Amino acid sequence: MRNILFFLLLFVTQFAISQIESKPISEFIDFDESAEVLLDVRTPAEFEAGCINGAVNINWLSDEFNQQIQGVDKSKKIFVYCKMGGRSLKSQERLVELGFKNVVNLEGGYDAYSSK
């Protein structure tokens with residue numbers, strides 16, 4: 001019985017890990033708004049100072065992040081970025097916990113994107 005539980009836990013863990021994908025933001029060119037969402041998890045002030053065209057801003061630091069993210073279509077592929085990559089990685093993990101199936105962390109964040 002313990003072996004079955006162990007393998008079940010291993011399978012579930014592998015499934016969760018397989019949902020987490022990252023790619024350098026320098027490789028991000030464009031996205032299809034009908035099938036994908038570009039999520040900027042920086043503060044509203046950071047977003048106003050500059051963002052990637054078409055991005056939706058939901059502040060990771062807000063107490064209402066979990067509530068606000070529920071308005072995003074879970075069937076779409078989500079590309080998530082922040083200033084340098086820390087907040088986007090944390091929010092990617094949260095999105096997977098909340099049932100989002102295809103979430104890509106854009107490594108390097110807006111700083112790397114704006115310098116390319």
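Counting begins at 1 with the first residue of the sequence. Quick caveat: nothing in here was measured; it's all calculated off a predicted structure.
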Exercise. If every non-hydrogen atom of S88 is compared with every non-hydrogen atom of C82, which pair is closest and at what distance?
Worked result: N-SG, 3.3 Å
Exercise. Do you know which two heavy atoms are closest between G109 and I25, and how far apart they sit?
Worked result: O-CG2, 3.3 Å
Seminar exercise, completed: Contacts of F28 meeting ring pair (Phe, Tyr, Trp, His ring centres under 6.0 Å) (sequence neighbours excluded), chain-then-number -> F79
Can you find a pair of side-chain heavy atoms, one from [X] and one from [Y], that are under 4.5 Å apart?
X: Y110; Y: Y81; answer: yes
X: V103; Y: L39; answer: no
X: L98; Y: I69; answer: yes
X: N66; Y: R94; answer: yes

For this session: If a pair satisfies salt bridge (Lys or Arg N to Asp or Glu O under 4.0 Å) and one of its residues is in residues 68-85, list it, with sequence neighbours excluded.
Result: K83-D111
For this session: Establish whether L89 and V80 are linked, either directly or via other cluster members, by ILVMFWY side-chain heavy-atom contacts under 4.5 Å.
Result: no
Problem set entry | Atom pair OG (S91) and CG (N105), whose distance is rounded to the nearest 0.5 Å | 7.0 Å
Problem set entry | Rounded distance (nearest 0.5 Å) linking atom CD1 of I78 with atom CG of L95 | 7.0 Å
For this session: Mark yes when over 12 heavy atoms from residues, nucleotides or ligands other than D63 sit less than 6.0 Å from its CG; otherwise mark no.
Result: no
Problem set entry | Main-chain N/O of M84 paired with E107 side-chain donor or acceptor, under 3.5 Å | no
In residues 46-60, what donor-acceptor pairs under 3.5 Å come from side-chain atoms, sequence neighbours left out?
{"residue": "E46", "atom": "OE1", "partner": "T43", "partner atom": "N", "Å": "2.8"}
{"residue": "E46", "atom": "OE1", "partner": "T43", "partner atom": "OG1", "Å": "3.2"}
{"residue": "E46", "atom": "OE1", "partner": "R87", "partner atom": "NH1", "Å": "2.9"}
{"residue": "E46", "atom": "OE1", "partner": "R87", "partner atom": "NH2", "Å": "3.3"}
{"residue": "E46", "atom": "OE2", "partner": "R87", "partner atom": "NH2", "Å": "3.0"}
{"residue": "N57", "atom": "ND2", "partner": "D40", "partner atom": "O", "Å": "3.0"}
{"residue": "N57", "atom": "ND2", "partner": "R42", "partner atom": "O", "Å": "2.9"}
{"residue": "N59", "atom": "OD1", "partner": "L61", "partner atom": "N", "Å": "2.9"}

